[in-house]
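Computed over heavy atoms, backbone and side chain alike; hydrogens, waters and symmetry mates excluded.
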Amino acid sequence: MIEPLMRMRLRVEQDVFTLRQLGREVARAVGLESQDQTRLATALSEVGRVLLGEGSHAEVTFTLEPYGVPSLRVTMAHSVEGGASRLAEQLQQVGRLVDTMEVDDGGSGTTIRMARRLPPGAPALTAARMDEIRAGLGRHVPGSPLDELAVQNQQLIAALDEVRAQRDELARLNAELEETNRGVMALYHQLSDELEETNRGVVALYAELDEKSVQLRAASEAKSRFLANVSHELRAPVTAIIGLGRLLTDSFSDPLTEEQDRQVGLIRTSASDLLTLVNGLLDLAKAEAGRIEPNWSEVDLKVVFGQLRGTLRPLATRPEVDFVVDEPAVPSVRSDEVLLAQVLRNLLTNALKFTEAGSVRLSVRRAGAAVEFTVADTGTGIAPELQERIFEEFYQVPGSKPVSGRGTGLGLPYARRLAGILGGGLRVDSTPGAGSTFTLQLPVES
């Protein structure tokens, strides 16, 4: 059991001043800070005043608790029983001056226990240290009530000075905070104005983009109408030229000289090329205008490949080029048979035109959730920077010369349009001098 630092008995009102002095002295000796000394002394004097008001004496004991959290404990035993709840209510405000305060009824009266933790910098509570504190307290001579009143006045003045200093500091912080708030509000207004200006600019930009989009759509529609109208108007005279050329070379007509026959052949060839170009323009205009509606059905790929093999065989007349149509590894696909055949025909025709030797091969395979048709050739190939440009209307790779026939620059753009209409896509992989591979990818189900 730890030996108390000091004991005293509280009998008369003058003892309250003594208890206050002693409490402050004990607090100073154990290392409590100045403010905590005043708080503990005030709490003891207030509790002592309340207990004397109950009409009986009290025993006060000061004890140090060196274990766990070092603290100073004060126990005040009052001989009156049954007053715990009443005293606890009266001393509720006093409890704020200490860390803990307990009021309970014991066997011989009411006991009040208070504790105040020692600061981290307080000296260690060794046995020698506690003996030194007891000796010092034993030599303490209490002062008179007037002396205690003077000490209280000094403490009050110090407290007022501290409050005034805190008030000045608070005023300074409030002024700084107010200045900061003004700066924040100014920045907020500036940012709001800038944001509003930016929003107006964005709105204006969107309006301009909408206007340009409308103009672009109108220009695209006008171009499609122009191509369709021009193609339609050109088809009739071109067809007439071809027909007249055929009549001039007919066996029932008057015979032509060799030179005349050659010139009429040139006219017919040029007219046929022009008719091919007109038909390509008309098909492209229809695709761009969205006038091509797929007729979905289950397409037998063996039949489609057989038709392509038969119709394109006459174009593969050079013995240096092998025209190969593999047996389809996929039996069927849901698509539009006419449009699918048109895309593959354009790719094969283009490959045969630009392949001087080697092979042109058509094949199909399943690739995950899609079907891929590939047309591979061993032609001249295409440079990487030009591989997307070949899908532009009328564009032809510089320096490329078809081995047979003449290119219009519309076959590949039209094939890509049809691939999009069928729900798929068309891409090319090519290496200059090593040939090209065009891949038509279609979903398994549309």
Side-chain angles (χ1 to χ4, degrees), residues 220 224 276 279-296 299 301 304-305 307-308 311-312 315 323-326 328-330 332-355 360-397 400 402 407-432 434-446:
S220 179
S224 298
T276 301
N279 289 334
L281 284 173
L282 186 59
D283 292 338
L284 190 61
K286 288 180 179 179
E288 288 185 346
R291 297 178 183 174
I292 300 179
E293 292 292 336
N295 182 20
W296 302 106
V299 179
L301 295 182
V304 173
F305 277 33
Q307 292 174 350
L308 291 172
T311 56
L312 296 178
L315 296 179
F323 177 52
V324 181
V325 178
D326 293 335
V330 180
S332 64
V333 63
R334 182 167 177 77
S335 185
D336 184 302
E337 183 175 349
V338 176
L339 299 183
L340 175 60
Q342 183 66 50
V343 175
L344 297 177
R345 187 180 297 110
N346 283 10
L347 296 177
L348 289 169
T349 302
N350 189 75
L352 290 170
K353 284 182 181 180
F354 291 93
T355 302
V360 173
R361 179 181 295 274
L362 169 64
S363 61
V364 62
R365 68 184 183 91
R366 182 71 176 266
V371 173
E372 289 186 347
F373 298 84
T374 57
V375 175
D377 64 61
T378 57
T380 56
I382 306 166
E385 65 273 12
L386 303 178
Q387 290 179 10
E388 278 301 311
R389 296 206 60 190
I390 63 174
F391 294 104
E392 299 176 3
E393 291 87 348
F394 303 107
Y395 182 81
Q396 294 183 348
V397 177
S400 63
T408 63
L410 294 176
L412 291 179
Y414 182 54
R416 175 169 274 190
R417 297 274 184 180
L418 292 183
I421 292 174
L422 293 175
L426 179 62
R427 69 177 187 273
V428 61
D429 298 301
S430 182
T431 303
S436 305
T437 299
F438 289 84
T439 302
L440 169 65
Q441 188 178 65
L442 298 179
V444 174
E445 291 186 2
S446 176

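Among all heavy-atom pairs drawn from Phe305 and Asp326, the shortest one is CD2-O, 3.2 Å. Val375 approaches Ala351 most closely through the heavy-atom pair CG1-CB, 4.2 Å. For the residue pair Leu301 and Val333, the shortest heavy atom distance occurs at CD2-CG1, 3.7 Å. In this structure, Trp296 and Leu422 approach most closely via the heavy-atom pair CH2-O, 3.6 Å. Nearest heavy-atom pair across Thr374 and Ser363 is OG1-OG, 2.7 Å. Taking both residues in full, the closest heavy atoms of Val444 and Ala370 are given as CG2-N, 3.6 Å, listed atom of the first, atom of the second, then distance.
Residue Arg416 holds its CZ atom at 13.5 Å from CG of Asn346, rounded to the nearest 0.5 Å. Going from atom CD1 of Ile421 over to atom CZ of Arg417 covers 8.5 Å, rounded to the nearest 0.5 Å. Here CG of Leu412 is found 7.0 Å from CG of Leu426. Values are rounded to the nearest 0.5 Å.
With a 4.5 Å cut-off on side-chain heavy atoms, Ile382 and Phe354 do not count as touching. Between Arg334 and Val299, every side-chain heavy-atom pair lies at or beyond the 4.5 Å cut-off.
Between the side chain of Asp377 and the main chain of Ser436, a donor-acceptor pair closer than 3.5 Å is present. Under the 3.5 Å distance criterion, the side-chain polar atoms of Asp336 are matched with a main-chain donor or acceptor of Asn295. Distance alone, capped at 3.5 Å, places no donor-acceptor pair between the Arg361 side chain and the Ala376 backbone. For Arg389 (side chain) and Phe391 (main-chain N/O), no donor-acceptor pair under 3.5 Å exists by modelled atom type. At least one donor-acceptor pair closer than 3.5 Å links the side chain of Gln387 to the backbone N or O of Ser430.
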key: Step-by-step side chain to side chain contact (heavy atoms under 4.5 Å, CB included) determination, Val343 to Phe373   = CA-CA 10 Å; Val343 175; Phe373 298 84; over 6 Å; no
request  = Test Arg427 against Glu372 for side chain to side chain contact (heavy atoms under 4.5 Å, CB included), laying out the working first.
outcome  = CA-CA 11 Å; Arg427 69 177 187 273; Glu372 289 186 347; 3.7 Å; yes
inquiry  = If you apply the rule side chain to side chain contact (heavy atoms under 4.5 Å, CB included), what do you find for Thr378 with Thr355, and how did you get there?
reply    = CA-CA 6 Å; Thr378 57; Thr355 302; 3.7 Å; yes
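Exactly one residue among Leu362, Leu344, Thr349 makes a side-chain contact (heavy atoms from CB on, under 4.5 Å) with Leu312. That residue is Thr349.
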